[in-house]
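In this text, all values refer to a predicted model and were calculated from it rather than measured experimentally. Only heavy atoms go into these numbers, but all of them, side chains included; no hydrogens, no water, no symmetry mates. Note that ligands are numbered from 1 as they come in the structure, with each ligand's atoms numbered from 1 the same way.
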Amino acid sequence: MILAERLVKTYGTGESIVRALKEVDLVIDQGEMVSIVGPSGCGKTTLLQVLSGIEEPDSGIVTINGFSVYEVKDRERSAFRLQHTGFVFQAFHLIPVLSALENVALPLIGLGVSSRKANVQARQALEQVGLGQKLNAFPSELSGGQNQRVAIARAIVTRPSVIWADEPTGALDTDTSHQIVGLLRHINRTMGTTIVVVTHDAAVASECDRIIRMENGRIISGAQRVTL
Ligand code: ADP
Ligand code: MG
């Protein structure tokens with residue numbers, strides 16, 4: 001479960017201060033796939049970065065499966081991120097000089113897994129996203145949709161409990177977007193991974209279990225699962 005309480009995040013000071021998060025509370029249950037939507041600049045990326053341990057809030061608490069993300073040293077937080085979470089970005093963030101297999105193996109290498117074992121698991125992850133035939137391709141040799149699949153394989157290769165995705169379909173056409181969301185949905189259902197997707201795309205949001213709406217640094221609806 002992901003729990004956020006009274007998150008406040010500001011950028012800058014004085015006249016140029018931006019209040020990106022204004023006392024945000026949020027609960028996401030393990031195994032949910034939720035979307036975060038709202039106008040550009042309302043704080044979606046900031047919220048994702050604060051939840052995921054990338055950007056420390058000014059105040060407030062984030063816990064992920066009982067682990068209090070900002071009550072530990074930076075090192076421990078980084079280790080937690082690498083071990084238990086995966087990231088997917090709009091621009092893929094793959095390393096251009098590495099093959100698909102090498103890109104996907106990287107998080108495992110970071111965790112100290114032997115390169116032999118990492119390659120086996122990376123191949124399995126690429127097969128899971130339908131790219132078993134493209135193990136040795138470089139990012140420049142793959143389409144946008146294929147590169148996003150590689151990025152998703154990289155996110156799942158460590159079997160994380162949470163995947164954070166910031167506009168994962170923002171650079172893709174409608175059909176490809178649909179396939180990528182379908183893939184995330186499939187991972188959510190088969191692996192039980194909690195998935196948090198920031199999106200502009202109403203079609204992407206509608207595929208999720210829940211829509212969290214933000215406006216001007218606040219969540220205006222969907223902060224908790226409604227149980228009947
Ligand atoms: P969204 O992802 O919803 O478009 P962001 O979370 O990126 O919104 O931004 C929220 C607000 O915080 C915006 O006003 C943005 O300009 C500001 N902001 C985001 N990151 C920074 C930063 N690193 N420095 C200064 N202002 C920032
Ligand atoms: Mg953003």
From the Mg ion (ligand 2) out to just under 2.8 Å, does an N/O/S atom of T46 turn up?
no
Donor on one side chain, acceptor on other, [X] and [Y], under 3.5 Å:
X	Y	result
S99	N136	no
T193	N188	no
T194	Q30	yes
N65	S161	yes

Short N-O contact, D58 and R6, less than 4.0 angstrom
no
I'd like to check M33 versus V181 (side-chain heavy atoms, cut-off strictly below 4.5 Å). Are they in contact?
yes
Identify, chain by chain and in numerical order, each protein residue with a heavy atom under 4.0 Å from an atom of ligand 1.
Y11, V18, A20, P39, S40, G41, C42, G43, K44, T45, T46
